[in-house]
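Numbers here are sequence positions counted from 1. Note that the coordinates shown come from a computational prediction; the quantities given were computed from them, not determined experimentally. When reading the values below, keep in mind they use all heavy atoms of this one structure, side chains included, and skip hydrogens, waters and symmetry mates.
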Amino acid sequence: MSQTRGKYDFCIGLVLAMSSSIFIGGSFILKKKGLLRLARKGSMRAGQGGHAYLKEWLWWAGLLSMGAGEVANFAAYAFAPATLVTPLGALSVLVSAILSSFFLNEKLNLHGKIGCLLSILGSTVMVIHAPQEEEVETLDEMSHKLGDPGFVVFATLVVIVSLILICVVGPRHGQTNILVYITICSVIGALSVSCVKGLGIAIKELFAGKPVLKHPLSWILLLSLTVCVSTQINYLNRALDIFNTSIVTPIYYVIFTTSVLTCSAILFKEWQHMAADDIIGTFSGFLTIIVGIFLLHAFKDVNFTLANLPLSLRKDDRAANGTLLSTYDSFHDDEESSACLGEMQSTESLSARRNGSLSPF
């Protein structure tokens, strides 16, 4: 019965995670459209600290779409391990890339399509080999996990790094370096996932009739989640306003997923009980996703499709043959010129000797 229940929870978590990726991927497009409309109107941009986007309905539509995605993501974490749900966030990158090509005129070339395929394959491999977290069924167990010295050190480092980026690095380099704002969103996102996991357990206990509202951890997790999510939204808006969507989305995914996997491994000690092939499979799948995402955005400005592939090969062949031919012709011409020059010099030297004049050598 428990095994059947586990499979049922797995399927629910999988469907919720996939729907979450669709909503979140679409939210990037709606928000970007809203920010572009504000820029055309001459309003102060979000990247400069403006908040005019609060009056733009497209931005609110994107926010509601992201909210729906986050709710689905929230529920998915309650039914499935974080290391299963998080890799499926790559689907939001694919959705964002495909929709960007239709609605934002950001072309998806052959490299991008291959990158999408690799991201899907990598996500599948990660799901198959995903580590199984330790069972945490009550808030008391979650409280014990959150009090572990390893997690306390990790959370402290995350807060310190975030404050340094927000207060020191952001004002100086946030407008020019894409990693500043995205790193803030990503590392804080690792803590928000932990809060979501704890609140999911609290909701399950609430439905079971336990006095969850009297437990202080429930309110601490809710407050922490509110702070983390509001900070993520603020700095993600700035990154989207300044930089291209097809660049922001994949980089955000890579750093965010790395942060969540690290946090989940520290909090739930997942890797201690994994077989060697599962560890290799998990890392291989994640690296495959990174390569796919790199192809998706690194060559986005290269106009290359399957249609012009044979033409390119023919051009390359002709260019190679032409280079060889030109080199051979030049070498042959040089030989003939040298021979003619030698004959002329010999004739002039012979004429000089016949006339009795001696030329210096």
Report the residues that fulfil side chain to side chain donor-acceptor pair (under 3.5 Å) with Q232, sequence neighbours left out, ordered by chain and then residue number. S192, Y252
Non-neighbouring partners of A155 that pass side chain to side chain contact (heavy atoms under 4.5 Å, CB included), sequence neighbours left out: F151, L191
W219 and I201: same hydrophobic cluster, using ILVMFWY side-chain contacts below 4.5 Å? yes
Output for pair (I266 CD1, K145 NZ), nearest 0.5 Å, gives 12.5 Å
Using the side chain to side chain donor-acceptor pair (under 3.5 Å) rule, pick out the option among T124, D278, D277 that qualifies with H129. D278
Residues I255 and S186: closest non-hydrogen pair is CG2-CB, 3.4 Å
Nearest 0.5 angstrom please: I128 CD1 to T282 OG1, how far? 10.5 Å
Kindly give the heavy-atom pair with the smallest separation between Q175 and F243, and that separation in Å. O-CZ, 3.9 Å
Could you grab the distance from atom CG of L261 to atom CZ of F256, nearest 0.5 Å is fine? 9.5 Å
Out of curiosity, N177 CG to I182 CD1, how far, rounded to the nearest 0.5 Å? 9.0 Å
Give a yes or no answer on whether the side chain of T156 reaches the backbone of V152 with a donor-acceptor pair at less than 3.5 Å. yes
Check C195 against S224 and note the closest heavy-atom contact, atom names and distance. SG-CB, 3.6 Å
Is any side-chain heavy atom of N237 closer than 4.5 Å to one of D241? no
Among C263, S194, S259, P149, exactly one meets side chain to side chain contact (heavy atoms under 4.5 Å, CB included) together with F154. Which residue is that? C263
Kindly work out whether a path of hydrophobic side-chain contacts (I/L/V/M/F/W/Y, heavy atoms less than 4.5 Å apart) joins I166 to V159. yes
Once you round to the nearest 0.5 Å, how far does CD1 of I24 lie from OG of S19? 9.0 Å
Closest heavy-atom pair and its distance - G62, S27: O-CB, 3.1 Å
Closest non-hydrogen atom pair, S162 against I188: OG-CG1, 3.5 Å
Tell me whether L163 shares a hydrophobic cluster with Y235, the cluster being built from Ile, Leu, Val, Met, Phe, Trp, Tyr side chains joined at under 4.5 Å. yes
Are V193 and V158 connected in the hydrophobic side-chain network, where two residues link if heavy atoms are under 4.5 Å apart? yes
Taking all atoms of both residues into account, what is the closest heavy-atom pair of S65 and L30, and its distance? CB-CD1, 4.3 Å
Test item: L217 and L146 side chains (from C-beta on) under 4.5 Å apart, heavy atoms: yes
When rounded to the nearest 0.5 angstrom, what is the spacing between OG in S218 and CG in L222? 9.0 Å
Is there a side-chain contact (heavy atoms from CB on, under 4.5 Å) between D148 and L267 once you walk through the steps? CA-CA 8 Å; D148 184 78; L267 184 60; over 6 Å; no
Report yes or no: do V125 and M18 belong to one cluster of Ile/Leu/Val/Met/Phe/Trp/Tyr joined by side chain heavy-atom distances under 4.5 Å? no
